[in-house]
Engineer: 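Got a structure for you, written out below as structure tokens; questions coming shortly.
The sequence lines fix the lettering, A, B, ..., with proteins before strands; numbering per chain opens at 1. The basis for the numbers below is simple: all heavy atoms, side chains too, and nothing from hydrogens, waters or symmetry mates.
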Protein chains: 2
Amino acid sequence: MNYVKDVTTTPATTGALAAELRVAISRAARRIKNERGDAGLSDPQFNVVALLDLHGPMTPGQLAEAEHIAAPAMTRTVGLLADLGLVAKADHPTDGRQVVVTLTPAGEAEVRQTRLRRDVWLAGRLDGLTPQERAVLEDAAQLLRRIATS
Amino acid sequence: MNYVKDVTTTPATTGALAAELRVAISRAARRIKNERGDAGLSDPQFNVVALLDLHGPMTPGQLAEAEHIAAPAMTRTVGLLADLGLVAKADHPTDGRQVVVTLTPAGEAEVRQTRLRRDVWLAGRLDGLTPQERAVLEDAAQLLRRIATS
DNA sequence: TATTGTTATACTCTATAACTATA
DNA sequence: TATAGTTATAGAGTATAACAATA
């Protein structure tokens, strides 16, 4: 596989590429999510702790909006994570109606471990590729990020 | 962005690329799955009809194994899809213990529509890219398929 | 006796509606 | 009156264990 050939083998229509890419992305995503941390969190649970790790403390309402789920569902998930000791709930400093959800050290550790395991798995596969192939995926990563946020 | 630059900007470690790629893949997959057909099937439900569309009639046991879920869960999902008229259950011709699940015309239509909507969404994003960028994603699709199945 | 599928039971995730507390 | 969060209720998805029918 080389660059000249890559261009010449490009599908005639973006529709054909879309179908190929959709299947490839879906399968890869599914495989990546298989790798989990010690707490064995479900996807919704991990999404919450990962979001808190990225953005810092958030209210249940903000978490629900970010995850595109209804507020009661987030109430439940936050409660389960709190029972596990991965997040902590605290009163809002000025607004008595609001609650602030914070990641505990155990929660941070779970996020780090899960990400590490997923990266280790993926890096293990990338090691089997040529430098040129890795360069393709490096470019693809940037393109996919642009696509997903548009 | 050109090929020479692509190679030179490759991360020094596969770990860094793995982290970038993991995030990019996960976000893209999530966005793609947002596009659904008229029946508004859940992910597990759509996975079943999509699998039947690809492989033809299958038994509940085969479906459960392919989806990596326990048999009772598949019994439930197949039952719901049958209630919706998207699949049909029939006796196995020679083995009285087994059941053969078949996609109905309505089920086929739902699969086609969902795939079409996802591909239309993705193709719309791909149209905004250069031919070279699409070539990168074409190569990446092949690489991701290899990675996911390894 | 082994296999296929289902039923029974329990827990997570989700939604909408109703409720409580605060602004 | 409006907002933030929770509780109540219901349905989907999953698992393990127990069961029925067939091989």
Engineer: Look at the side chain of B:Q98 and decide which nucleotide, out of D:dA15, C:dT4, D:dA12, has an atom nearest to it.
Structural biologist: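 Nearest to the side-chain atoms of B:Q98, counting from C-beta on, is C:dT4.
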
Engineer: With respect to the side chain of B:R97, which nucleotide from D:dA21, D:dT14, C:dA23 is positioned closest?
Structural biologist: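 The listed nucleotide nearest to B:R97's side chain is D:dA21.
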
Engineer: Send over the distance from A:R76 CZ to D:dA8 C1', rounded to a whole Å.
Structural biologist: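 For the pair A:R76 CZ and D:dA8 C1', the rounded distance is 12 Å.
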
Engineer: Which one, D:dA15, D:dA12, C:dT7, comes nearest to the side chain of B:S42?
Structural biologist: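 Ranking D:dA15, D:dA12, C:dT7 by closest atom to the B:S42 side chain puts D:dA12 first.
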
Engineer: Select from B:V99 and A:G96 the residue whose nearest nucleotide in DNA chain C is closer to the 5' end of that strand.
Structural biologist: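 The 5'-side residue here is B:V99.
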
Engineer: For A:I69 and A:T94, take the nucleotide of DNA chain C holding the closest heavy atom to each; which residue's nucleotide lies nearer the 5' end?
Structural biologist: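 It is A:I69, whose closest nucleotide lies nearer the 5' terminus.
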
Engineer: Which nucleotide wins on minimum distance to the side chain of B:K89, given the candidates C:dT22, D:dT14, C:dT6?
Structural biologist: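 The closest nucleotide is C:dT6.
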
Engineer: With a 4.0 Å cut-off, would you call A:R36 and A:D43 a salt bridge?
Structural biologist: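 Looking at A:R36 and A:D43, the cut-off is met.
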
Engineer: Could you state the CG-P distance from B:L84 to D:dG11, rounded to the nearest angstrom?
Structural biologist: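 The answer, rounded to whole Å, is 15 Å.
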
Engineer: What nucleotide, of C:dA23, D:dG13, C:dT14, holds the atom closest to the side chain of B:P44?
Structural biologist: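 When the side chain of B:P44 is considered, D:dG13 is the closest of C:dA23, D:dG13, C:dT14.
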
Engineer: Hey, does A:P72 reach any base, or is it just sugar-phosphate, or nothing, if we go heavy atoms under 4.0 Å?
Structural biologist: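 Result for A:P72 = base.
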
Engineer: Does B:T75 have a side-chain nitrogen or oxygen under 4.0 Å from the phosphate oxygens OP1 or OP2 of C:dG5?
Structural biologist: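 False: B:T75 side-chain N/O out of range (4.0 Å or more) of C:dG5 OP1/OP2.
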
Engineer: Taking A:R117 first and then A:D38, would you say they form a salt bridge - that is, a charged N and a carboxylate O separated by under 4.0 Å?
Structural biologist: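 A salt bridge links A:R117 with A:D38.
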
Engineer: Find the distance B:H92:NE2 to C:dT3:P and express it as a whole number of Å.
Structural biologist: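 It works out to 16 Å between those atoms.
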
Engineer: Could you tell me the separation between the NZ atom of B:K33 and the P atom of C:dT14, rounded to a whole number of Å?
Structural biologist: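 Going from NZ in B:K33 over to P in C:dT14 covers 12 Å.
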
Engineer: Looking at C:dG5, C:dA15, D:dT22, which one has an atom nearest to any side-chain atom of A:A70?
Structural biologist: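 Taking heavy atoms from C-beta onward, the closest nucleotide is C:dA15.
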
Engineer: Determine whether A:R27 and B:L144 make a side-chain contact, defined as any pair of heavy atoms from C-beta on separated by less than 4.5 Å.
Structural biologist: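 A:R27 does not reach B:L144 side chain to side chain.
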
Engineer: Is the closest side-chain heavy-atom distance between B:R31 and B:W121 below 4.5 Å?
Structural biologist: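 Answer yes - side chains close enough.
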
Engineer: Nearest whole Å is fine: how far is C:dA21 C1' from A:D91 CG?
Structural biologist: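 Computing the A:D91:CG to C:dA21:C1' distance gives 12 Å.
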
Engineer: Give the nucleotide from the list D:dT22, C:dT22, D:dG13 with an atom nearest to the side chain of A:D95.
Structural biologist: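 Looking only at heavy atoms from C-beta outward on A:D95, the closest nucleotide is C:dT22.
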
Engineer: Return the value, rounded to whole Å, for the distance between atom CD of B:E65 and atom P of C:dT3.
Structural biologist: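 Interatomic distance, CD of B:E65 to P of C:dT3: 13 Å.
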
Engineer: Whole Å only: how far is the CG atom of A:L81 from the P atom of C:dT12?
Structural biologist: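 Nearest whole value for this atom pair: 12 Å.
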
Engineer: Without decimals, in angstroms, what is the distance between B:L41 CG and D:dG11 P?
Structural biologist: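 Checked: the CG to P distance equals 19 Å.
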
Engineer: Kindly indicate whether the side chain of B:L41, heavy atoms from C-beta on, has any atom under 4.5 Å from the side chain of B:T114.
Structural biologist: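 They are not in side-chain contact.
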
Engineer: I want to verify a distance call: between D:dT6, C:dG5, C:dT12, whose nearest atom is closest to the A:L80 side chain?
Structural biologist: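 For the A:L80 side chain, the nearest candidate turns out to be C:dT12.
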
Engineer: Please determine if a side-chain N or O atom of B:T59 lies less than 4.0 Å away from the OP1 or OP2 oxygen of C:dG5.
Structural biologist: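 For C:dG5, OP1/OP2 do have a side-chain N/O of B:T59 under 4.0 Å.
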
Engineer: Flag the pair A:E35 and B:R22 as a salt bridge only when some basic side-chain nitrogen lies within less than 4.0 angstrom of an acidic carboxylate oxygen.
Structural biologist: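 No, no charged N to carboxylate O under 4.0 Å.
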
